[in-house]
Amino acid sequence: DVVKERLQVQRDMGGLYRYDGPLDAVAQIVKSEGVFGLYRAYGATITAFAPQTAINLALYERIEHRAKELYASRCRAAAAAQGAQGSSTAFDAKATGSPPPIPPWMAFVCAAASGLTASFVTTPLDLAKLR
């Protein structure tokens, strides 16, 4: 993370850092600051990363739970419609013991929504980390 951040801000630092790429940055940091220089300000990274991860995971669980409820509701409605037509393949949550799993595209939408929201909320922390 130190390498990425220094590469990002090297133009704004008035010549304090001058790297020709990621490998050059690693070599210069290790040479001038030692191996631990690669982990400088790691606490700030954790401070920004922890809330983003917590928000993302908690929000994903809530969104996924709601998506499962909606999907199960639609499956029951479709099963009732098929049952009215005499189909023997109707979905019955009570018979299977659990609602059907959500399709992959729905899980992707849940993950995208939670990740986008978490990133949006924690962007100020990430910007503060770079400063």
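Both backbone and side-chain heavy atoms feed into the values below; hydrogens, waters and symmetry mates do not. The model shown is predicted, which means the values in this text are computed figures rather than measured ones. This chain uses plain numbering: 1 for the first residue, then up along the sequence.
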Beyond-backbone contact of P103 with Y71, side-chain heavy atoms, under 4.5 angstrom: yes
I102 CD1 to H65 NE2 distance, which is reported to the nearest 0.5 Å: 12.0 Å
R66 vs E69 side-chain heavy atoms within contact, under 4.5 Å: yes
Contacts of type side chain to side chain donor-acceptor pair (under 3.5 Å), residue R74, not counting sequence neighbours: none
Single-linkage hydrophobic cluster L57~F120, side-chain heavy atoms < 4.5 angstrom: no
I63: hydrophobic cluster co-members (side-chain, 4.5 Å): L59
Closest non-hydrogen atom pair between Y19 and L7, with its separation: CB-CD2, 3.7 Å
Between side-chain atoms of residues 108-116 and protein atoms elsewhere (two or more places apart, or another chain), which donor-acceptor pairs fall under 3.5 Å?
from	atom 1	to	atom 2	distance (Å)
S114	OG	N56	OD1	2.8
S114	OG	C110	O	3.3
S114	OG	A111	O	3.1

Where at least one partner belongs to residues 34-53, residue pairs that pass salt bridge (charged side-chain N to carboxylate O under 4.0 Å, His left out), sequence neighbours excluded: E33-R40
Residues that E61 engages under side chain to side chain donor-acceptor pair (under 3.5 Å), provided they are two or more places apart: none
Contacts of type ring pair (Phe, Tyr, Trp, His ring centres under 6.0 Å), residue Y42, not counting sequence neighbours: none
pair L70-M106: side-chain heavy atoms closer than 4.5 Å: no
Nearest heavy-atom neighbours spanning V3 and A25: CG1-CB, 3.8 Å
Heavy-atom closest pair, residues A118 and Q52: CB-O, 3.6 Å
Reported CD1-to-OG1 distance for the pair I55 and T117, which is rounded to 0.5 angstrom: 9.5 Å
